[in-house]
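Structure, as structure tokens:
Scope of the values below: all heavy atoms of this structure, side chains included, with no hydrogens, waters or symmetry mates.
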Amino acid sequence: MSSAPLPEEIARDATWLAQALDPVGGRVCLVAMSRESYRAASFLDDRLMQQAVDAQIIAWPDIEAAMVADLRTDARWIFHIGHVGSTLISRLLGEIEGVLGVREPRALRDLALVPPEVRGRYIGIIPKLMSRTFAENEFACVKTTSFVTEIAPALVPTGERALFMYAKARTYIASILAGENSLLELKSHEEYRRQRLGTRGIEFSSLRNDADRAAAAWACEMTALEESAERMDDRAIQWADFDEMLSDMPAGLKRTSEFFGFAADDTRLIEIAKGPLMRRYSKALEYEYTPALRYEVIADAERRHGREMGSALAMLDAASEKSPLLARALSRAREG
């Protein structure tokens, strides 16, 4: 266990990850990381702390002191609606030389869950913290938790770049219905999503079953992306339907790497896109999970829940008549 890092050590590179933040108490948990530990970690939230780590609790003024210099703020960002392959895309991009994948640090979630008046003390420094790498010619590529999209405009500085990942409503609903853990997560987040939808003037009077709940979750996360995009017109945004990327991953990976300004030739991108990561479950690499298996699971859910899914999609269409934001989300993710 090391001692607390000095300000210059925090500012120097990505060694000290700002893993968690206590916005009320004004403290940050810094965790010592190597390039390989970033590469290995599916998530940098509390699951990271289940293993032996070198963690230091630092007062926020010490972080402010470390970040006073003219530090870079050019991290690339991935925002998404959840269950759309964002972890896989982050891992694939992280295989490009000069890219440091940073997946779901809890600090971003901590900021998203506090009122704006509390968040304001911290948000200006976060782009600097998240843009640190291990080399000058390296870029950080930060994948957030889905609901962090709510504060995307505050995280991405003017002129910088973000990938917005989504799936069609039918595909998303089926993917949720296909997984036991997804259903547990769906129910645990139901009330929070209802509140978030309410801030955008969208209300579903009754959710009759899990298909309806999944449709409401899609509406919540998609309209969060749409609303953030409206507020980010001075930043570069690339929209990506995950299943379209999956149908030709070399081309999808090339398009995104070029958008982010990552240096990789076609041969290397094809090697990555057809490599072992495409045959593993990206959130837990010890498990096999292929695109073909994903399609099978989704098709099975559609067979078993087709009637409820049709009704849930009709519910979205009806709600979109009163919500231009939801109508835009449905239009963007239209079938076919």
Side-chain angles (χ1 to χ4, degrees), residues 79-88 145-147 149-150 164-227 239-247 281-283 287 289-336:
F79 300 97
H80 58 95
I81 67 172
H83 304 279
V84 289
S86 59
T87 303
L88 173 61
T145 307
S146 60
F147 62 79
T149 300
E150 299 285 356
F164 280 16
M165 291 188 63
Y166 65 96
K168 296 177 176 64
R170 176 179 291 276
T171 302
Y172 178 90
I173 295 168
S175 69
I176 298 299
L177 296 179
E180 182 179 347
N181 289 336
S182 299
L183 289 172
L184 291 174
E185 177 191 75
L186 180 71
K187 291 171 183 175
S188 69
H189 293 169
E190 182 177 351
E191 176 59 23
Y192 180 48
R193 284 182 169 132
R194 186 193 65 77
Q195 294 171 8
R196 291 167 59 203
L197 281 167
T199 67
R200 292 188 272 280
I202 301 171
E203 181 179 353
F204 298 104
S205 57
S206 65
L207 300 178
R208 299 155 293 186
N209 49 47
D210 287 335
D212 279 4
R213 294 184 186 93
W218 182 91
C220 177
E221 305 302 344
M222 275 298 291
T223 55
L225 286 180
E226 293 288 353
E227 187 173 61
W239 292 82
D241 180 322
F242 175 60
D243 290 284
E244 291 180 3
M245 291 187 75
L246 206 55
S247 68
Y281 184 48
S282 57
K283 295 179 181 180
Y287 298 110
Y289 193 79
T290 64
L293 179 57
R294 169 182 165 82
Y295 294 139
E296 289 175 14
V297 167
I298 287 174
D300 179 65
E302 290 180 336
R303 284 192 296 269
R304 290 186 292 112
H305 304 285
R307 181 175 298 179
E308 294 94 334
M309 288 177 60
S311 179
L313 292 168
M315 179 187 75
L316 290 179
D317 285 335
S320 71
E321 295 177 2
K322 298 180 180 179
S323 170
L325 203 61
L326 180 55
R328 191 183 316 147
L330 286 167
S331 177
R332 187 182 302 281
R334 62 185 178 275
E335 301 293 332

Single hit among E226, E221, R332, H80 for side-chain contact (heavy atoms from CB on, under 4.5 Å) with Y166: R332
Report the residue from D210, D300, L177 that forms a side-chain contact (heavy atoms from CB on, under 4.5 Å) with H305. L177
Would you call E190-K187 a salt bridge at under 4.0 Å N-O? no
E308 with R213: basic N within carboxylate O range, under 4.0 Å: no
Side chain [X], main chain [Y], donor-acceptor under 3.5 Å:
| X | Y | result |
| --- | --- | --- |
| R200 | C220 | yes |
| S323 | A319 | no |
| S320 | D317 | yes |
| R328 | L325 | no |

So which heavy atom on [X] is nearest to which on [Y], and how close?
| X | Y | answer |
| --- | --- | --- |
| A178 | V297 | CB-CG1, 3.2 Å |
| A167 | A333 | O-CB, 4.1 Å |
| I298 | A174 | CG2-CB, 3.7 Å |
| L326 | L316 | CD2-O, 3.8 Å |
| A215 | M315 | CB-CE, 3.8 Å |
| R170 | M309 | O-CE, 3.4 Å |

Min side-chain heavy-atom separation [X]-[Y] under 4.5 Å:
| X | Y | result |
| --- | --- | --- |
| I81 | Y172 | yes |
| F242 | T171 | no |
| E227 | T149 | no |

Separation between [atom1] of [X] and [atom2] of [Y], rounded to the nearest 0.5 Å:
| X | Y | atom1 | atom2 | value |
| --- | --- | --- | --- | --- |
| L330 | K168 | CG | NZ | 12.5 Å |
| I176 | W218 | CD1 | CH2 | 13.0 Å |
| N181 | H83 | CG | NE2 | 9.5 Å |

Under the rule for side chain to side chain donor-acceptor pair (under 3.5 Å), what residues qualify as partners of S146, not counting sequence neighbours? none
In this structure, are over 12 heavy atoms from other groups packed under 6.0 Å from Q195 atom CD? yes
Does the ring centre of Y287 sit less than 6.0 Å away from the ring centre of Y281? no
